[in-house]
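The structure follows.
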Amino acid sequence: MDFRRLIERAREHATTRPKSVGQRLASGQQPTVLFITCADSRIVTSHITGAEPGSVFELRTAGNVIPQYRLEAPSSEMATIEFAVVQLGVSEVVVCGHSHCGAVSALHGADIGHLPTMRGWLARHARTGAAAADPALREEGRQHVLEQLRNLETYPFVRDRLHTGDLRVHGWFYDIETGEVSTSVAAAFQPL
């Protein structure tokens, strides 16, 4: 889609959206889900989930990387997770990885020397692995999601709410080619 079409769609949106929707959204947000996924343009949370505006709080970051909790080294990701869990009180967190992920590819040997910031981010916050056999990086992507779930559990406010049963955490994997979503169950993935 070219940029002119994006502008046209934005103008149409303002005239076609019912005023009641805008009024409801302006009164505040009450999402029930924090959806953490990759910044990849092929991942569109509302298309995957059918979520309505205001129901999902999104965190999009390169490779859906969640840094381990370290109060002395705050990050945008940490602040977003804290806001969603503590302030908004979401009851569900989904960490959603995907096939054909560039960040996961880099973690398994793809050359990103021309992206020094990305290389540094991944080196600080994710483990690298052996070269991948599957060019779609499905198994590697699933394992990456499980690692991010472990990182999420280092957040004290996440652990506290998990312990009380007020929060549930889910690992999802979206296959770009098929559109299928699988979920982690006992460190394995199965279709939703």
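It should be emphasised that the depicted structure is a prediction, and the values quoted were computed from it without experimental measurement. What you see below is based on every heavy atom in this structure, not just the backbone, and it leaves out hydrogens, waters and symmetry mates.
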Open item on the list: Do Asn151 and Pro67 make a side-chain contact, defined as non-hydrogen atoms from C-beta onward lying under 4.5 Å apart?
Closed with: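 Asn151 vs Pro67: side chains apart.
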
Task: Crowding at CZ, Arg119 (>12 non-hydrogen neighbours, <6.0 Å) - done: yes

Open item on the list: Using 0.5 Å steps for rounding, measure from the CH2 atom of Trp172 to the CG atom of Asn64.
Closed with: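 With rounding to 0.5 Å, CH2 (Trp172) is 13.5 Å from CG (Asn64).
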
Open item on the list: For the backbone of Ile176 and the side chain of Ser99, can you confirm whether one donor and one acceptor N or O come within less than 3.5 Å of each other?
Closed with: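 Indeed, once roles are kept as given, a pair shorter than 3.5 Å links the two residues.
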
Task: 4.5 Å side-chain heavy-atom contact, Val93 and Val33 - done: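 A side-chain contact under 4.5 Å is absent here.
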
Open item on the list: Less than 4.0 angstrom from a charged side-chain N to a carboxylate O is my criterion; do Arg5 and Glu8 meet it?
Closed with: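 Yes, charged N to carboxylate O under 4.0 Å.
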
Open item on the list: Side-chain heavy atoms nearer than 4.5 Å, only ILVMFWY residues, links allowed to pass through others: does that put Val56 and Val181 together?
Closed with: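 Linked, Val56 and Val181 end up in one cluster.
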
TODO: Would you indicate whether Arg9, at its atom CZ, is surrounded by more than 12 heavy atoms from other residues, nucleotides or ligands within a distance under 6.0 Å?
DONE: no

Open item on the list: Rounded to the nearest 0.5 Å, what separates atom OH in Tyr69 from atom CD in Glu77?
Closed with: 14.5 Å

TODO: Please tell me if the side chains of Cys101 and Asp40 come closer than 4.5 Å, counting only heavy atoms from C-beta onward.
DONE: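 They are not in contact (no side-chain heavy atoms under 4.5 Å apart), so the answer is no.
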
- [ ] Give a yes or no on whether Val145 and Val158 share a hydrophobic cluster (residues Ile, Leu, Val, Met, Phe, Trp, Tyr; joining criterion: side-chain heavy atoms under 4.5 Å apart).
- [x] yes

Open item on the list: Does Gln29 have more than 12 heavy atoms from other residues, nucleotides or ligands lying within 6.0 Å of its CD?
Closed with: yes

- [ ] Determine, step by step, whether Glu147 and Gln143 satisfy the side-chain hydrogen bond (donor to acceptor under 3.5 Å, both in side chains) criterion, reporting the C-alpha distance in whole Å, the side-chain angles of both residues, the deciding distance to 0.1 Å, and the verdict.
- [x] CA-CA 6 Å; Glu147 181 180 338; Gln143 292 305 310; over 6 Å; no

TODO: Hey, could you give me the OH/CD1 distance between Tyr174 and Ile43, rounded to the nearest 0.5 Å?
DONE: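 Answer for the OH-CD1 pair, Tyr174 versus Ile43, is 6.0 Å.
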
Open item on the list: Are the side chains of Glu92 and Phe35 in contact, using a 4.5 Å heavy-atom criterion?
Closed with: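 Not in contact.
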
Open item on the list: For the backbone of Val86 and the side chain of Arg161, can you confirm whether one donor and one acceptor N or O come within less than 3.5 Å of each other?
Closed with: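 No, Arg161 side chain to Val86 backbone: no donor-acceptor pair under 3.5 Å.
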
Task: Val104 with Trp121, same ILVMFWY side-chain cluster at under 4.5 Å - done: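 No; Trp121 is not reachable from Val104 via cluster members.
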
Open item on the list: For a 4.5 angstrom cut-off between non-hydrogen side-chain atoms, does His144 reach Val65?
Closed with: yes

Task: Exam field: side chain Arg60 to backbone Thr37, donor-acceptor pair closer than 3.5 Å - done: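 A pair under 3.5 Å: no.
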
TODO: Show your working on side-chain hydrogen bond (donor to acceptor under 3.5 Å, both in side chains) between Gln68 and Thr154 and close with a plain yes or no.
DONE: CA-CA 6 Å; Gln68 289 190 0; Thr154 66; 5.4 Å; no

- [ ] Decide yes or no for Ile66 and Tyr155: does some side-chain heavy atom of the first lie under 4.5 Å from some side-chain heavy atom of the second?
- [x]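 The answer is yes; the side chains approach within 4.5 Å.
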
- [ ] In plain terms, say whether Glu177 and Arg138 are close enough for a salt bridge, that is, a side-chain N and a carboxylate O under 4.0 Å apart.
- [x]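 So Glu177 pairs with Arg138 through a salt bridge.
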
Open item on the list: Are Ile36 and Gln148 packed together at the side-chain level, in the sense that at least one heavy-atom pair is separated by less than 4.5 angstrom?
Closed with: no

- [ ] Output the distance between atom OG1 (Thr164) and atom CZ (Arg159), rounded to the nearest 0.5 Å.
- [x] 13.0 Å

- [ ] Verify the cluster assignment for Val44 and Phe3: are they in a single hydrophobic cluster under the rule of side-chain heavy atoms below 4.5 Å apart?
- [x]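 Val44 and Phe3: separate clusters.
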
TODO: Check whether any side-chain heavy atom of Arg142 lies under 4.5 Å from a side-chain heavy atom of Ser182, and answer yes or no.
DONE: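 With C-beta onward as the side chain, the pair touches.
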
Task: Hydrophobic cluster identity match, Leu146 and Leu122, side-chain contacts under 4.5 Å - done: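 Different hydrophobic clusters.
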
